Amino acid sequence: MRRLLPPAGTTDPDLDTPRGLAAAYAYPAPREKDRPYLRANMVASLDGAAHAEGRSAPLSSPADMRIFGTLRALADAVLVGAETVRREGYRPAKARKDFAEQRAAAGQLPAPVIAVVSRSLDLDLDAPLFREPATPAAATIVLTCTAAPRERRAAAEAAGARVVLAGDTGVDPVRAVAEMAALGHTRLLHEGGPRLLAQFAAAGVLDELCLTVAPLLVGGDAPRVMNGLPMPAGPAPYVPLSVLEEGGQLFTRYVRG
């Protein structure tokens with residue numbers, strides 16, 4: 001993997017090692033105590049499709065998966081929508097030996113917690129995501145709202161999930177990240193899907209976008225990486241922080257301007 005932006009320097013980390021990628025994607029120092037930092041990780045084709053054949057996997061690559069794993073290994077928690085959980089077959093995040101020492105030094109759990117965002121709680125509560133957490137402390141979180149059916153909230157808790165209310169008639173992105181920070185999860189990673197990510201971006205809580213651009217054309221009517229609410233004040237500026245390349249794929253990183 002090679003760096004395109006900024007130009008490689010003499011002290012550039014070895015991007016082909018877990019330690020090097022972790023240095024390249026390190027979270028910034030906390031701006032304020034308990035203030036969360038939310039980055040998103042998405043993949044898109046050259047023509048802007050976030051999915052191919054209904055899933056993101058056809059757009060991915062071994063290098064993309066290394067970055068995916070690194071971003072997870074740096075995060076306290078992974079936010080993901082219920083539809084993406086169903087489509088991609090989510091399971092609990094795994095602890096990775098390469099990052100064990102770093103996570104312990106940072107006071108993190110061995111693996112990030114998965115936090116599923118769902119208004120209706122239409123979830124398979126018998127799935128490993130809920131029944132097989134790595135440790136009790138890493139139990140899956142469900143971010144929902146007071147309008148969610150009470151019986152579904154109770155069923156989620158009975159399945160082992162931690163139910164967190166983050167809104168009244170729907171999940172409020174601002175409140176969702178605040179509730180995660182209140183639980184001690186300030187380094188947050190958003191993995192979509194496109195509609196949910198658009199909601200978080202429109203709410204002004206998306207600090208960073210890590211976007212993999214795959215050298216593929218998909219066509220059709222697949223959604224973009226954000227496919228829903230527009231930015232309320234018009235296009236929002238983001239600043240390019242870095243661009244890496246391997247096998248024709250570009251791994252871009254943008255931060256809020």
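If you're wondering where the values come from, they're calculated on a predicted model, not measured in any experiment.
- Side-chain contact between R195 and P223 is absent, with no heavy-atom pair separated by less than 4.5 Å.
- T140 contributes no side-chain N or O that, together with a main-chain N or O of A161, makes up a donor-acceptor pair within less than 3.5 Å.
- A26 and R39 get closest at one heavy-atom pair: O-NH2, 3.8 Å.
- At distances below 3.5 Å, not a single donor-acceptor pair connects side-chain atoms of T70 with backbone N or O atoms of A22.
- Going from atom CG of N41 over to atom OH of Y25 covers 8.0 Å, rounded to the nearest 0.5 Å.
- Shortest non-hydrogen contact noted between C145 and D168 is CB-O, 3.4 Å.
- Sparse packing is recorded around CD of E101, with 12 or fewer heavy atoms of other residues, nucleotides or ligands lying under 6.0 Å away.
- At most 12 non-hydrogen atoms from other residues, nucleotides or ligands lie less than 6.0 angstrom from CD of E53.
- For the pairing with F251, the side chain to side chain contact (heavy atoms under 4.5 Å, CB included) check across V243, L211, D64 returns one residue only, D64.
- The main-chain N or O of L74 is found under 3.5 Å from a side-chain atom of Q108 such that the two form a donor-acceptor pair.
- Between Y27 and T186, the closest side-chain pair of non-hydrogen atoms is not below 4.5 Å.
- Between L165 and R153, some side-chain heavy-atom pair lies under the 4.5 Å cut-off.
- The shortest side-chain heavy-atom distance between S120 and R152 does not fall under the 4.5 Å cut-off.
- Using a distance-only test at 3.5 Å, with no hydrogens or angles considered, no donor-acceptor pair links the side chain of Y90 to the main chain of A82.
- The environment of CZ in R162 is sparse: at most 12 heavy-atom neighbours from other residues, nucleotides or ligands sit within 6.0 Å.
- Within a 6.0 Å radius of CZ in R256, other residues, nucleotides and ligands contribute more than 12 heavy atoms.
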_Determine whether D14 and R19 satisfy the following criterion, salt bridge (Lys or Arg N to Asp or Glu O under 4.0 Å), listing intermediate values before the conclusion._
CA-CA 8 Å; D14 184 350; R19 185 183 297 272; over 6 Å; no
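- Cluster membership check: L5 shares its hydrophobic cluster with V213, using side-chain heavy-atom separations under 4.5 Å among Ile, Leu, Val, Met, Phe, Trp and Tyr.
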_Working note: L196 + E83, criterion side-chain contact (heavy atoms from CB on, under 4.5 Å); need CA distance, chi angles, decisive distance, verdict._
CA-CA 9 Å; L196 183 68; E83 182 179 351; over 6 Å; no
*asked:* Apply side-chain contact (heavy atoms from CB on, under 4.5 Å) to residues V113 and H185 and explain how you reach the verdict.
replied: CA-CA 9 Å; V113 173; H185 305 308; 4.1 Å; yes
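- For the pair D172 (side chain) and G167 (backbone), a donor-acceptor distance under 3.5 Å is absent.
- Rounded to the nearest 0.5 angstrom, E191 CD and L79 CG are separated by 9.5 Å.
- The cluster map of Ile, Leu, Val, Met, Phe, Trp and Tyr, joined by side-chain heavy atoms under 4.5 Å apart, puts V142 and M180 in different clusters.
- In this structure, OH on Y254 lies 13.5 Å from CG on L206, to the nearest 0.5 angstrom.
- No single ILVMFWY cluster, assembled from side-chain heavy atoms under 4.5 Å apart, contains both V78 and M226.
- The two atoms that bring A50 and P194 nearest to each other are CB-CG, 4.0 Å, heavy atoms only.
- With rounding to the nearest 0.5 Å, the separation of CG in L197 from CZ in R224 is 11.0 Å.
- A donor-acceptor pair under 3.5 Å is formed between the side chain of R253 and the backbone N or O of A24.
- Atom CD of E245 has more than 12 heavy atoms from other residues, nucleotides or ligands within 6.0 Å.
- Y37 and L183 end up in different hydrophobic clusters when Ile, Leu, Val, Met, Phe, Trp and Tyr side chains are linked at under 4.5 Å.
- The backbone N or O of A73 lies less than 3.5 Å from a partner atom in the side chain of R103, making a donor-acceptor pair.
- A heavy-atom distance below 4.5 Å is not found between the side chains of F130 and D124.
- Cluster membership check: L15 does not share its hydrophobic cluster with F68, using side-chain heavy-atom separations under 4.5 Å among Ile, Leu, Val, Met, Phe, Trp and Tyr.
- Using a 4.5 Å heavy-atom threshold, the side chains of L71 and C210 count as touching.
- Judged by distance alone, with hydrogens and angles left aside, the side-chain atoms of R119 form a donor-acceptor pair with the main-chain N or O of T169 at under 3.5 Å.
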*M1/I67 under side-chain contact (heavy atoms from CB on, under 4.5 Å): CA gap, chis, key distance, verdict*: CA-CA 11 Å; M1 185 174 291; I67 290 176; 4.0 Å; yes
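- For S45 (side chain) and A49 (main-chain N/O), a donor-acceptor pair under 3.5 Å exists by modelled atom type.
- Minimum interatomic distance between R131 and A158 (heavy atoms only, all atoms of both residues): NH1-O, 4.0 Å.
- Without hydrogens or angle criteria, E88 side chain to S56 main chain gives a donor-acceptor distance under 3.5 Å.
- We find the CG-CD distance between L125 and E157 to be 11.0 Å, quoted to the nearest 0.5 Å.
- In this structure, R91 and P128 approach most closely via the heavy-atom pair NH1-CG, 3.3 Å.
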*Show your reasoning for whether side-chain contact (heavy atoms from CB on, under 4.5 Å) applies to R72 and I114.*
CA-CA 10 Å; R72 279 195 165 195; I114 304 294; 4.1 Å; yes
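- Contact record, V163 with T144: CG1-CG2, 3.8 Å, taken as the closest heavy-atom pair.
- Proximity of D16 to R66: side-chain heavy atoms (C-beta onward) are separated by under 4.5 Å at one or more points.
- In this structure the side chain of D207 never reaches within 4.5 angstrom of the side chain of V255, judged on heavy atoms.
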